[in-house]
Amino acid sequence: MAEPYYATTPIFYVNAAPHIGHAYTTILVDVASRYQRLAGRDVRFLTGTDEHGEKIAKAAEAAGTTPQAYVDEVSAQFRSAWDELGIAYDAFIRTTEPRHQAVVQEVLQRVYDQGDIIYGEYGGLYCVKCERYYTEKELEDGTCPQHGIAPEYRSEANYFFRMETYRPWLREQLETNPDLIRPEGYRNEVLAMLREPIGDLSISRPKARVPWGIPLPWDEEHVTYVWFDALLNYWSDLVSHGLEERYWPAAEHFIAKDILKPHGVFWPTMLKAAGLPLFRHLNVHGYWLVEDRKMSKSVGNVVRPLDLVDRYGNDAFRYFLLRDMRFGLDASFHELGLAERVNADLANDLGNLLARTVGMLGKYRGGVVPAFGPREDADRALQATFAALPDAVLRHVEALHYDEALAAVMAAVSEANRYVSDRAPWELAKEAARAGELDTVLRTCAEALYATSVLLDPVMPERMATLRARLGVPGDVHLDDAAAWDRVPEGTRVEAGEALFPRVDLEALKATMEVGDGADAPAEAVEAPLPHKPEIAIDDFAKVELRVGTITAAEDHPNADRLWVLTVDLGPETRTVVSGIKAHYTAEQLVGTTVIVVANLAPAKLRGVTSQGMILAAEDAEGTLSLAGLDRPLAPGSEVR
RNA sequence: GGCGAUGUAGCUCAGCUGGUUAGAGCGCACGACUCAUAAUCGUGAGGUCCGGGGUUCAAGUCCCCGCAUCGCUACCA
């Protein structure tokens with residue numbers, strides 16, 4: 001039996017359509033899985049969608065449909081997005097599937113029976129306006145620090161997983177198995193989390209309030225809340241197919257750093273409580289930071305990476321994502337960087353090597369691959385370089401160093417180009433006596449290209465298959481083929497054709513970017529429906545008093561980093577408004593700005609400073625804020641309707 | 001405010017447990033070649049390794065202080 005390998009993406013929450021963040025993780029796991037398959041491993045690649053929760057129930061209601069219909073639609077969007085990106089997953093799990101629910105309930109019951117899930121009358125002191133519970137410590141003089149009103153006693157009975165119990169155990173696991181969470185920086189972060197109490201984890205919600213979820217097996221009035229449902233997908237998919245013994249020991253989770261805590265703390269303790277072994281690795285990657293704030297702001301052309309698939313091709317895009325990110329760290333995304341990478345590595349080095357090889361075979365040998373002639377040191381040296389690559393590449397990939405794996409292959413391609421220059425086949429072609437040498441050079445190039453196509457197949461499956469087809473040797477490949485050096489046999493007919501990777505016109509691209517164009521390619525992802533709030537009558541709206549105000553001062557909040565204490569001129573009166581826009585606007589930008597103020601909002605204390613109103617701002621999906629204003633100046637105090 | 005990450009050539013980044021003149025790719029300059037996608041090959045220019053202290057025979061690489069950027073968090077009316 002081949003060595004198993006079980007790779008997972010997080011299951012994606014279906015309250016939004018797929019975007020670049022989902023795509024990167026999924027592509028990463030696709031590449032990891034393909035390398036393992038190439039190496040002959042017994043691979044299972046799982047992805048899926050997370051479909052329960054209050055947000056989804058509400059979104060469905062707003063969209064005028066049922067939760068099930070809603071999640072069916074969005075889940076399908078994910079699947080079609082992955083199909084477009086050529087993701088070769090083996091299994092797709094949805095948390096609404098009966099097979100998953102059955103496993104969740106079974107595990108819950110087991111953990112409950114052994115006493116690790118307890119019933120808690122949580123909170124007690126509940127502020128109706130905040131819609132949240134407060135602890136005694138948080139209250140100021142027995143009142144809500146936000147609204148200054150007395151909280152009422154409420155007993156929302158929830159169940160709690162006794163996570164804190166397992167904190168020492170988890171610390172020990174991380175100490176003895178330093179590789180469990182990698183790269184190391186993330187292991188350290190989790191260890192830091194474990195230095196202080198992690199508390200118990202709320203794992204249920206009253207069914208009355210959140211009907212869309214998996215019922216607790218021992219209490220039908222509650223449904224499972226988030227993590228006990230979602231995280232268990234990694235396990236439930238295997239169990240439902242009877243594959244847990246085969247794959248679980250080889251579990252490799254891949255996640256982005258934003259969900260480190262649930263995967264690094266909740267999940268291992270859950271597994272322990274359920275009496276299940278730990279996963280093998282938790283692999284944590286960073287973010288792609290898309291810069292060019294100026295450009296998007298003034299011209300309105302946000303660079304959307306998914307659009308680039310259309311422009312540069314899926315394979316080139318995948319290559320770039322893996323080549324230009326150091327695993328674990330954040331990377332900055334520039335379209336120009338992508339274009340330069342495509343030109344340098346794929347068009348100039350690799351694509352051109354194919355073009356010149358096929359060109360010479362056509363010109364000197366009628367398009368037919370010859371047998372090796374006599375071989376010299378230079379020929380053997382290139383072969384030796386490639387022969388060492390399968391092991392090196394696999395080693396890098398397993399250490400998560402995708403950038404280095406690709407760099408190593410491209411270094412060999414460079415060496416091949418150097419080899420061609422050194423051996424100068426165009427000179428050999430002039431002397432009939434050296435025909436054997438020429439055969440060797442041409443054949444060597446063909447073998448080098450074949451080997452490259454194998455080594456890069458997991459990253460660029462489509463283009464590498466094309467490459468092999470052009471060499472006249474299509475078909476499935478194994479990692480060992482990269483070192484064989486006999487896979488393009490004598491007599492094979494090669495095929496000239498279009499450039500494998502067309503060069504990008506950088507000058508044109510730069511010109512486009514300066515003009516601020518590039519918005520002609522619309523976003524690929526289908527938008528999820530907007531989650532609407534319940535309809536209101538005009539009278540409801542009339543209750544809100546909106547007025548034009550001018551910011552006259554912006555001061556630091558004495559006790560909060562994200563808040564500005566603004567002085568707003570409303571004409572006859574002046575208000576102090578505390579606003580959480582510090583991350584988006586400087587004091588200089590704010591002073592003198594005309595804004596819209598909610599003037600009849602009940603005053604509230606924000607970390608000690610009383611705010612007399614609220615300033616309107618819009619927030620996009622990325623969390624960027626923009627103040628709402630007027631398109632012509634109007635006297636402060638004017639009412640907005 | 002607390003915790004953490006990052007700061008190395010114009011750009012994107014490597015530099016493990018401290019050790020000879022600090023590296024790669026791209027870009028740039030010059031040259032060679034012509035099979036090839038104005039590609040390829042060679043040579044070269046370019047760096048106070050954020051700043052300041054300190055430890056050491058020796059620090060980009062360890063310690064302290066500071067600065068900058070970013071993230072998490074204090075739930076941001």
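Residue numbering restarts at 1 for every chain, and letters A, B, ... go by the order of the sequence lines. This is a predicted model, so every value here is computed, not measured.
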Give the table of side-chain donor-acceptor pairs shorter than 3.5 Å for residues 360-368 of chain A, with sequence neighbours excluded, one pair per line with atom names and distance.
residue, atom, partner, partner atom, Å
A:Arg365, NE, A:Asp439, OD1, 2.6
A:Arg365, NH2, A:Ala435, O, 3.2
A:Arg365, NH2, A:Asp439, OD1, 3.1

Can you give each donor-acceptor pair under 3.5 Å made by side-chain atoms of residues 339-346 of chain A, sequence neighbours left out, with the distance rounded to 0.1 Å?
residue, atom, partner, partner atom, Å
A:Arg341, NE, A:Asp324, OD1, 2.7
A:Arg341, NH1, A:Asp345, OD2, 3.2
A:Arg341, NH2, A:Asp324, OD1, 3.0
A:Asn343, OD1, A:Val504, N, 2.6
A:Asn343, ND2, A:Val504, O, 2.9
A:Asp345, OD2, A:Tyr319, OH, 2.6

Apply the test salt bridge (charged side-chain N to carboxylate O under 4.0 Å, His left out) to residues A:Arg326 and A:Asp403: give CA-CA distance (whole Å), side-chain angles for both, the deciding distance (0.1 Å), then the verdict. CA-CA 6 Å; A:Arg326 187 83 183 164; A:Asp403 55 340; 2.9 Å; yes

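Rounded to whole Å, the separation between the P atoms of B:G54 and B:U12 comes to 33 Å. Distance noted for atom P between B:U61 and B:G52: 12 Å (whole Å). Distance noted for atom P between B:C62 and B:C75: 35 Å (whole Å). Atom C1' of B:A9 sits at a distance of 10 Å from the matching atom of B:C49, rounded to the whole Å. Using C1' as the reference atom, B:U8 and B:A59 are 14 Å apart when rounded to the nearest Å. One C1' atom belongs to B:U55, the other to B:C64, and the distance between them is 11 Å to the nearest Å. Atom name C1', nucleotides B:C70 and B:C35: the rounded distance is 49 Å, in whole Å. Taking the C1' atom of each, B:A68 and B:C26 are spaced 26 Å apart, rounded to whole Å.
For A:Ser453 and A:Arg468, the side-chain atoms include at least one donor-acceptor pair closer than 3.5 Å. In this structure, a donor-acceptor pair under 3.5 Å is absent between the side chains of A:Asn314 and A:Arg463. No hydrogens or angles considered: nothing links the side chains of A:Asn158 and A:Tyr225 as a donor-acceptor pair under 3.5 Å.
B:G10 is paired with B:C26 under the criterion used here, namely a Watson-Crick or G-U wobble arrangement in which both key atom distances are under 3.5 Å. Across all strands shown, B:A58 remains unpaired; no Watson-Crick or G-U wobble contact has both distances below 3.5 Å. Pair assignment for B:A77: none, as no Watson-Crick or G-U wobble contacts are both less than 3.5 Å. Look at B:C70: its Watson-Crick or wobble partner, with both distances under 3.5 angstrom, is B:G4. Nucleotide B:G46 has no partner under the Watson-Crick or G-U criteria, as no pair reaches both atom distances under 3.5 Å. Base pairing of B:U17: no nucleotide in any strand meets the Watson-Crick or G-U wobble criterion (both distances under 3.5 Å). Partner assigned to B:U37 is none, using Watson-Crick or G-U wobble distances below 3.5 angstrom.
Using a 4.0 Å cut-off on heavy atoms, the residues of residues 402-426 of chain A that approach RNA chain B are A:Ser414, A:Asn417, A:Arg418, A:Ser421, A:Trp426, listed by number. Taken residue by residue, residues 350-357 of chain A places heavy atoms nearer than 4.0 Å to RNA chain B at A:Gly351, A:Asn352, A:Ala355, A:Arg356.
Rounded to whole angstrom, the span from the CZ atom of A:Phe327 across to the C1' atom of B:C13 amounts to 18 Å. The interatomic distance linking A:Arg326 (CZ) with B:C70 (C1') rounds to 20 Å, in whole Å. Between A:Lys257 atom NZ and B:G71 atom C1' there is a gap of 5 Å when expressed in whole angstrom units. Nucleotide B:C26 holds its P atom 13 Å from the CG atom of A:Leu346, rounded to whole Å. Straight-line distance from the CG atom of A:Asp505 to the C1' atom of B:U37: 12 Å, rounded to whole Å. A:Glu340 places its CD atom 9 Å from the P atom of B:C28, with the value rounded to the nearest Å.
For A:Arg503 and B:A39, the shortest distance from a side-chain N or O to OP1 or OP2 is below 4.0 Å. Listed pair A:Asn343 / B:C26 fails the phosphate criterion, with no side-chain N or O lying under 4.0 Å from OP1 or OP2.
Nucleic acid contact for A:Tyr364: sugar-phosphate only, since backbone atoms but no base atoms lie under 4.0 Å from a heavy atom of the residue. Residue contacts shown for A:Ala344 are limited to sugar-phosphate atoms, with no base heavy atom under 4.0 Å away. Residue A:Met614 is classed as a sugar-phosphate contact, given heavy-atom separations below 4.0 Å to backbone atoms only.
Using bins of under 30°, 30° to 60° and over 60° for the plane-to-plane angle, the ring pair A:Tyr402/A:Phe327 lands in the tilted bin.
Between A:Tyr24 and A:His285, the gap from one ring centroid to the other is short of 6.0 Å.
Taking the salt bridge (Lys or Arg N to Asp or Glu O under 4.0 Å) definition, one finds that A:Arg187 meets it with A:Glu175, sequence neighbours left out.
Here salt bridge (Lys or Arg N to Asp or Glu O under 4.0 Å) pairs that include residues 493-502 of chain A, with residues two or more places apart or in two chains, number zero.
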